There are 4 protein chains.
Amino acid sequence: MTEPMRGRQEQGGRREQAKLERRERIYEAALNLFRTQGYEGTTVDQITRHAGLAKGTFFNYFPTKDAVLRYLGTREIARLSLSSNGNGHHRGTAIGKLKRLMAALAENLEQDRTLVSLIFRKGVTAPDLLAGDAGGFSLQPVASLLIRQAQYNGEVNPDLDPDALASALDALYLQQLVRWCESTRPYPLSERLTGIVDLLLLGIGKLE
Amino acid sequence: MTEPMRGRQEQGGRREQAKLERRERIYEAALNLFRTQGYEGTTVDQITRHAGLAKGTFFNYFPTKDAVLRYLGTREIARLSLSSNGNGHHRGTAIGKLKRLMAALAENLEQDRTLVSLIFRKGVTAPDLLAGDAGGFSLQPVASLLIRQAQYNGEVNPDLDPDALASALDALYLQQLVRWCESTRPYPLSERLTGIVDLLLLGIGKLE
Amino acid sequence: MTEPMRGRQEQGGRREQAKLERRERIYEAALNLFRTQGYEGTTVDQITRHAGLAKGTFFNYFPTKDAVLRYLGTREIARLSLSSNGNGHHRGTAIGKLKRLMAALAENLEQDRTLVSLIFRKGVTAPDLLAGDAGGFSLQPVASLLIRQAQYNGEVNPDLDPDALASALDALYLQQLVRWCESTRPYPLSERLTGIVDLLLLGIGKLE
Amino acid sequence: MTEPMRGRQEQGGRREQAKLERRERIYEAALNLFRTQGYEGTTVDQITRHAGLAKGTFFNYFPTKDAVLRYLGTREIARLSLSSNGNGHHRGTAIGKLKRLMAALAENLEQDRTLVSLIFRKGVTAPDLLAGDAGGFSLQPVASLLIRQAQYNGEVNPDLDPDALASALDALYLQQLVRWCESTRPYPLSERLTGIVDLLLLGIGKLE
DNA sequence: GATGAATGAGGCTTCATTCAT
DNA sequence: TATGAATGAAGCCTCATTCAT
């Protein structure tokens with residue numbers, strides 16, 4: 001009636017799309033409220049009303065309230081990875097891309113220190129950290145990919161295990177992120193990160 | 001052994017002293033927790049445990065949880081007024097002292113923008129503001145005092161009503177404080193304040 | 001088997017119905033407990049357990065514990081208004097109905113002097129009273145309606161503003177109710193009310 | 001200095017007196033507040049402030065807050081026993097006195113049905129009742145005394161055990177008191193009591 | 001004995017989460 | 001899948017009671 005019938009696939013695609021959009025709407029609403037009222041000061045009901053949905057719907061998109069926090073990391077990484085690959089291939093080396101990605105990520109997180117802090121206090125447990133699940137902030141996948149590219153391009157010694165390298169990078173990155181969150185005197189995270197990561201990359205390839 | 005006997009009065013002073021110290025301990029514990037966990041993320045129970053007391057005791061020193069927030073303003077003003085008078089009399093004019101006091105206060109509050117913001121959102125109602133009770137941030141008393149001194153020293157026209165002047169100063173100060181809290185882009189409060197207050201003082205005395 | 005399918009509208013009616021019933025169940029449970037244990041002596045948990053629900057559910061039906069008290073007035077007025085209209089139209093004049101309604105209301109409230117007293121002590125503030133919100137006891141709407149009927153029937157001077165009359169009636173009614181609650185020696189409220197209200201009605205129509 | 005020295009005894013007497021007076025002051029204050037605000041609505045602090053004392057002092061005179069309730073019964077019995085004996089001996093028979101005492105007691109309690117009710121709900125446990133401790137309402141001592149007098153006067157069969165009789169009387173009295181408290185429709189307690197007690201006394205002596 | 005601060009049990013209320021529709 | 005009512009854990013706050021002075 002309202003629309004001509006469609007094949008399954010296409011319907012799925014549309015529905016999938018709508019679902020992602022709704023998830024995004026909830027995420028945006030949540031972050032805006034978290035920034036102005038704090039995490040604990042914001043209720044799930046407020047979030048969904050700002051997103052034009054009913055309270056119960058929240059839990060169809062995020063399993064818990066903290067999950068939105070964790071999603072902050074995942075999403076930023078996804079977004080930046082995409083853009084870093086999108087206008088990618090051509091501009092600069094793979095290692096260069098990796099460093100720019102980390103710096104960009106750091107700059108973004110610097111805007112939300114309070115929230116990032118919260119993630120490590122509410123959203124991630126010690127076991128999570130040990131298991132490498134750092135509340136969505138894992139660089140592992142992109143880093144692994146870019147390192148492989150770097151090896152392919154001859155930027156990095158091809159005998160090294162790319163996953164091990166990516167994992168080490170991730171650990172350093174995470175350590176700095178946590179330390180920055182906990183420090184009382186604020187300092188620029190991106191610079192610190194770039195510096196420290198150079199130490200690791202120094203041995204494995206030529207700095208850009 | 002521990003101490004010689006004392007008269008009633010002095011004993012009372014001791015109790016009074018102990019009470020003030022405990023209040024201070026609660027206040028410090030609360031602020032530390034507020035800074036790291038946020039206001040809503042901190043429970044009264046946590047505060048008192050950090051202060052080495054039982055939960056109920058909190059309410060013997062502050063009527064509600066927000067009251068600690070309000071006390072932030074009062075206390076800073078008291079502390080700074082004291083120090084500004086302590087090394088006082090000699091150095092500089094009364095108006096100079098007043099300006100330094102305001103700048104110092106602003107600098108202190110700048111460290112806790114999130115908390116100060118909270119005071120205006122949780123601890124002060126519109127009627128409070130209209131009644132001049134701005135959550136403890138009132139400069140009125142010190143300002144009134146220093147303006148009288150300034151008049152006595154010939155720095156300010158003695159025909160003006162010192163209370164009215166102090167009140168005007170207070171209003172300007174408060175307005176700027178609130179505005180600074182609400183602004184999305186941070187800027188240095190102390191400079192703005194100094195600048196704006198000069199406008200008022202320009203007419204009533206010579207700038208230092 | 002259990003029931004034939006129904007359209008959306010009617011289903012909604014069913015849910016609505018269930019909600020009203022549950023609200024009524026909570027109200028009944030609360031009043032019974034208030035009568036035997038007093039208001040302060042009764043906990044919300046007791047109320048909901050008596051109603052076969054969980055504690056939190058209480059607050060889906062009444063915003064606070066006092067709200068149940070306030071509802072006492074509203075509900076009685078609604079119930080009596082209905083019955084006074086139900087066996088209505090035919091028997092007697094509109095003014096007669098109004099007087100019977102007030103007497104019936106008074107008789108009902110006389111059964112719960114302690115509770116009615118409580119409403120004025122816990123559930124209604126001075127500003128509420130000034131705003132005409134007397135904890136749900138407002139006769140204004142029914143009175144206004146019946147006075148209009150009376151004017152239509154020629155029982156009352158049609159030049160008078162029916163809302164103003166209703167408001168005056170309400171005020172007198174309320175004044176007597178409060179006075180009766182506060183008096184130490186109990187006396188029959190309904191008679192007093194009938195008598196006093198006659199004074200007002202004397203000028204505007206013929207007594208029944 | 002302030003007063004000439006006195007012997008121990010006399011001081012004790014004065015102190016004793018002062019203590020009793022303070023206890024009475026607390027009791028009066030408590031009852032007045034209970035009557036207007038209810039038992040749970042009244043705080044110990046309010047009580048002592050109305051009695052011109054500090055909160056902690058309350059517990060030097062009553063072990064708990066309920067104790068004041070229990071004292072209600074004890075005190076009334078003591079007061080009435082005294083007056084019934086005071087203008088006593090001469091007027092009427094001992095059994096007559098006993099009946100008048102019970103009626104007078106009942107009339108007094110009728111003024112405070114809510115409070116008396118509370119005693120049985122908060123101040124007396126089932127074990128208490130079984131042990132014959134009915135929250136201070138025990139007639140046993142006076143009744144025992146008066147029955148002995150009655151036996152001495154020949155009003156009552158001297159072969160009966162006066163304590164057993166007093167105990168039976170007490171049980172009946174208490175039963176009626178509780179029943180009257182719990183009943184929803186109020187009725188005159190004193191008449192009911194007189195009637196029922198006559199049944200018992202009918203067998204043991206001539207009615208007055 | 002009088003006092004008032006410390007204590008913690010218990011009450012009201014909010015809100016994340018579950019679940020029936 | 002969206003909805004909103006039910007639930008109960010957890011927070012703030014009150015206040016009876018204890019206890020050091």
Side-chain angles (χ1 to χ4, degrees), chain A residues 15 18-19 22 39-49 51-68, chain B residues 8 11-12 14-16 18-19 22-23 26 40-48 51-67, chain C residues 8 11-12 14-16 18-19 22-23 26 40-48 51-67, chain D residues 15 18-19 22 39-49 51-68:
Chain A
R15 268 197 207 160
K19 201 171 169 182
R22 254 189 307 247
Y39 173 77
E40 315 266 3
T42 302
T43 72
V44 170
D45 200 36
Q46 283 172 352
I47 295 171
T48 47
R49 255 185 289 115
L53 296 166
K55 182 169 52 155
T57 307
F58 180 92
F59 296 93
N60 292 338
Y61 293 89
F62 293 95
T64 65
K65 194 183 165 193
D66 337 337
V68 180
Chain B
R8 261 214 157 178
Q11 270 196 15
R14 230 197 285 150
R15 247 198 223 168
E16 200 59 30
K19 218 180 155 181
R22 242 178 324 237
R23 186 184 170 96
I26 292 175
E40 316 264 5
T42 302
T43 71
V44 169
D45 199 34
Q46 283 172 354
I47 296 171
T48 47
L53 296 167
K55 181 175 47 159
T57 307
F58 179 91
F59 298 94
N60 292 342
Y61 292 88
F62 294 95
T64 64
K65 194 182 163 193
D66 342 332
Chain C
R8 262 216 156 177
Q11 270 195 15
R14 225 188 299 142
R15 249 198 221 166
E16 201 60 29
K19 218 182 154 180
R22 240 174 332 233
R23 185 184 171 96
I26 292 175
E40 317 263 6
T42 301
T43 72
V44 169
D45 199 33
Q46 283 173 352
I47 295 171
T48 47
L53 296 166
K55 182 174 48 158
T57 307
F58 180 91
F59 298 94
N60 291 342
Y61 292 89
F62 294 94
T64 64
K65 194 182 164 194
D66 342 331
Chain D
R15 270 197 206 160
K19 200 170 168 180
R22 254 189 308 246
Y39 173 77
E40 316 265 2
T42 302
T43 72
V44 170
D45 199 35
Q46 283 173 351
I47 296 171
T48 47
R49 255 184 289 116
L53 296 166
K55 181 169 55 156
T57 308
F58 180 92
F59 297 94
N60 291 339
Y61 292 90
F62 294 95
T64 65
K65 194 181 165 193
D66 338 336
V68 180

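Reminder, nothing fancy here: chain letters follow the sequence lines and each chain counts from 1. Given the structure is predicted, the values throughout are model-derived calculations rather than measurements. What's counted below: heavy atoms across the whole structure, side chains too, no hydrogens, waters or symmetry copies.
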Query raised in the report: Does A:Y39 reach the main-chain N or O of A:D66 with its side chain, forming a donor-acceptor pair under 3.5 Å?
Result: yes

Query raised in the report: Is the phosphate of E:dA6, meaning OP1 or OP2, less than 4.0 Å from a side-chain N or O of B:Y61?
Result: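 True: B:Y61 side-chain N/O within range (under 4.0 Å) of E:dA6 OP1/OP2.
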
**Report entry** Contact under 4.0 Å: A:R22 side-chain N or O vs F:dT1 OP1/OP2
**Finding:**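 Looking at the OP1 and OP2 atoms of F:dT1, neither is under 4.0 Å from any side-chain N or O of A:R22.
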
Minimum heavy-atom separation for [X] and [Y], please, with both atom names.
{"X": "D:T42", "Y": "D:Q46", "answer": "CA-OE1, 3.5 Å"}
{"X": "C:Y61", "Y": "C:R22", "answer": "OH-NE, 3.0 Å"}
{"X": "D:T64", "Y": "D:F59", "answer": "CA-CE2, 4.3 Å"}
{"X": "D:T48", "Y": "D:K55", "answer": "OG1-CA, 3.4 Å"}

Query raised in the report: Pairing of DNA chain E as dot-bracket, 5' to 3': ( ) intra-strand, [ ] crossing, | other strand, . unpaired, with Watson-Crick or G-U pairs under 3.5 Å?
Result: .||||||||||||||||||||

Query raised in the report: Can you list the residues that meet the side chain to side chain donor-acceptor pair (under 3.5 Å) rule with D:E40, with sequence neighbours excluded?
Result: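 D:E40 satisfies side chain to side chain donor-acceptor pair (under 3.5 Å) with D:K122 only.
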
Value in whole Å for how far the [atom2] atom of [N] lies from [atom1] of [X]:
{"X": "C:R23", "N": "F:dA5", "atom1": "CZ", "atom2": "C1'", "answer": "15 Å"}
{"X": "D:D45", "N": "E:dG4", "atom1": "CG", "atom2": "P", "answer": "9 Å"}
{"X": "A:Y39", "N": "E:dT14", "atom1": "OH", "atom2": "P", "answer": "20 Å"}
{"X": "A:F62", "N": "E:dT18", "atom1": "CZ", "atom2": "P", "answer": "16 Å"}
{"X": "B:K65", "N": "F:dG11", "atom1": "NZ", "atom2": "P", "answer": "9 Å"}
{"X": "D:E40", "N": "E:dC12", "atom1": "CD", "atom2": "C1'", "answer": "14 Å"}

Report task. Kindly state which residues belonging to residues 51-60 of chain A come within less than 4.0 angstrom of DNA chain E, counting heavy atoms of the residue only, listed by number. Result -> A:K55, A:F59

Query raised in the report: The side chain of A:T43 lies closest to which of these nucleotides: E:dA16, E:dA6, E:dA2?
Result: E:dA16

Query raised in the report: Base, sugar-phosphate, or nothing for C:T48, non-hydrogen atoms under 4.0 angstrom?
Result: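 It contacts nothing in the nucleic acid.
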
Query raised in the report: Contact class for A:K19 vs. all strands (heavy atom < 4.0 Å): base, sugar-phosphate, or nothing?
Result: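 No contact at all - A:K19 keeps every heavy atom at 4.0 Å or more from the nucleic acid.
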
Requested in this report: Decide yes or no on side chain to side chain contact (heavy atoms under 4.5 Å, CB included) for C:F58 and C:L53, but give the supporting numbers first.
Outcome: CA-CA 8 Å; C:F58 180 91; C:L53 296 166; over 6 Å; no

